[in-house]
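Notes follow the structure.
Sequence lines set the chain letters: A, B, ... in the order given, protein chains first and strands last, and positions in each chain run from 1.
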Amino acid sequence: MKRRSFMISAAGTAAGLALLPRLAFAEAGKIDVYFTSDQNVIDFWTNVVKPKFEAANAGIALNLVDGGDSAGVQAIAERALAALPTGADPQSDVAEGFDTRLPNGGIEAGLWVDFAAAGLSNYSKINPLALDIPTSLPYRGSQVLLAYDTTKLDPANVPKTWPDLIAWIKANPGQFIYNRPDKGGSGGNFVRRAIYEATGKDPSKFTVENYTQELADASLNPAWDILKDLSGSLFDNGAYTSGNTQSVQLLSQSAVTMIPAWSDQALSAISQGVLPETTGLVQLTDLGMPGGFTKIGVFSNGVNKDAALKLADFLLTEEIQSAVLTELGGYPGVSWDFIAADLREKFKDIVPNSIPVFPGGNWEKAINDGWYRAVAPNVDRTAA
Amino acid sequence: MTALPANDIVGTKSSRRPTGLLLVAAPVLLVCWLIIWPIISAIIRTVWLPDTAGERRFSLETYQFFFSDQYSINNLMVTLWTTAVTALILLLICLPIALYLRFATNRIAAYVQGLAIFPMFVPSIILSYAFIRVLGPNGTVDLLLNAVHLPHIRSPYLTPWGPVLGLVWDNIPLTVLILLSGLGNVSNQSIEAARDVGAGRIAVLWHIILPRISNSLLVAVSFTVLGIFSAFTLPYVLGPAAPEMMGPFMQRTFRDLNDPTTAITQAVIAFGFCIVFGLFYVYSVAKNRAP
């Protein structure tokens, strides 16, 4: 059994290598940035932010680390919080795309730098719509829009309002799919747009604080009815993909004609050829689908805190904010007045003046659980 | 396996020093610390709940909720269904492969073995996306069928069959290796002897080979069942939104719904099913070690 003993020893060696202890120490002058965002954002940092920042600040380097998702970066933040009382090195400086309300007690303990008091020269340029809490610095936004196949759907006939969209989906059964609301923002914000539709298209009705069981029942149940009514006309009689990327994949395989997609993800998919050139993008005009701003947090106990604050200020410069528009396909975190005039002119049609932002917290939990219980199962998938 | 001291190491003679026991002490302690204790702590946390005043008291309400909630029961049922179907298909596919590898003597066997082991080196997340490309809607299979004017098949992607197909492919290497090691116990002489007295292929398989490898079959089934029951990536990416398998369901309850107590309850229930197969495995190993 030579073959097998070779297999076993090879596997053993590989496992052994993986288990070797790997020690890491934060280096002075090397900012450790942990990401929750997808690969396209990390690519943007690698190709745009990192070279520009390092060129402008000799002696400072960026170390970009994919933290996976919010829970992954939360583990890093908890490590920093644990290191706070002892003054130990948390080996982390910046958390990208992370809600600094987490981990619990972090803000109270002074884990995060308060940007309002940090004296950043560009802080006043931030779009007031994007400001949330002073420990989170918004540097880019994105919004969910509809991506569709122009070879199957003439851009002249594309639905531009919610009622038109519903009518189109029902008239073209099997040609639309959105992902499960907890597995990615594109489907999640499509679901939230349905909630707005069911409650009179007024985003100001929902705030983190005003969540009550009664309000949730009154506003979510009608939305579930809209979505349940829609499910039979979706791809494969009510299938839901498990993430933004899988929806894009189905559109690229021409299995469906239209999906909700993140503006930045759709634009970079088109530029990389993942989606064909013939992909069209459209935003609903009666009320846009929600989006959000992505923020960074800076650890107050990071070894490179001062350099990290320089980086935070650098992110808000016109150079980077314009690149967010042109290279990443995102929306700037600063007000539109601080964007190059030609870009302002070029993008004025696709960028709306308001991006509805649906609150998180208890609302998110109620939407995720409610959708799984009310919308996902009540479909007869075997129906023709 | 190392946790069970074999008779020849510990010995029954009083003159033996407890060296053997010391040798197994480290893994046993590790198992107690990292596995046994978390299980006990999980069970305690789900039955010893705080009431409205914050006082902890004994209560089975999380379990009552699980078993009275149709949504949770559906998820459990689809997990059991997926596990049973996948284990059955695995045995049907892997037993012939293992038999072929055991008795073939030519060069091709090496390639077949390589091919059978290959899935072990493919991360399941890559497998999932490849699956969507190949078996998904308008995937390779669809295009090939279309090219020869065969009807369009309904893709298993996002149906309960998606995870089944993915898990079968993913678990082939382990199952084949376990069955192959069991087939090593079947001596060529006993098969030749059976052939000499006129036994056909089926008779040899049924009366000579299967009784010898029943132990390996049990081990293979236990291993795959444990793996499939707790599978996460493949059901997450390939399965339907509802009902979902216990792995994604637990993760979603824990993270998205921020409800650790319910998630732990689901985990304890899943553990309850898995322990049956764990005991099967321990039983078969212990039987093997008996003199």
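- For B:L150, the CG atom counts as densely surrounded, since its 6.0 Å shell holds more than 12 non-hydrogen atoms of other residues, nucleotides or ligands.
- Within a 6.0 Å radius of CZ in B:F254, no more than 12 heavy atoms belonging to other residues, nucleotides or ligands are found.
- At a 4.5 Å heavy-atom cutoff, A:I367 makes no contact with chain B through either its backbone or its side chain.
- Looking at B:D69, the atoms closer than 4.5 Å to chain A (heavy atoms on both sides) all sit in the side chain, from C-beta outward.
- Counting heavy atoms from C-beta outward, B:R133 and A:Q249 have side chains that approach closer than 4.5 Å.
- The CG atom of A:D236 sits 4.0 Å away from atom CZ of B:R154, with the distance rounded to the nearest 0.5 Å.
- When all heavy atoms of A:A239 and B:L158 are compared, the closest pair comes out as CB-CD1, 3.7 Å.
- Nearest heavy-atom pair, B:P240 versus A:R180, reported as atom, atom and distance to 0.1 Å: C-NH2, 3.4 Å.
- If you measure heavy-atom distances from B:Q70 to chain A, you find no contacts under 4.5 Å at all.
- Put simply, of B:P137, B:S155, B:P243, B:P248, the one with the most heavy-atom pairs under 4.5 Å next to chain A is B:P137.
- Contact annotation: the side chain of B:T253 never approaches that of A:D369 to less than 4.5 Å [non-hydrogen atoms, C-beta and beyond].
- Only the side chain of A:S252 has a heavy atom closer than 4.5 Å to any heavy atom of chain B.
- Interface residue A:Q253: backbone and side-chain heavy atoms are both found under 4.5 Å from chain B.
- With a 6.0 Å radius and a threshold of 12 heavy atoms from other residues, nucleotides or ligands, A:R79 has its CZ atom above the threshold.
- Annotation: B:F118, atom CZ; neighbour count of heavy atoms from other residues, nucleotides and ligands within 6.0 Å does not exceed 12.
- For the atom pair CD of B:E244 and OH of A:Y372, the computed distance is 5.5 Å after rounding to the nearest 0.5 Å.
- Minimum interatomic distance between A:L250 and B:Y157 (heavy atoms only, all atoms of both residues): CD2-CE2, 3.9 Å.
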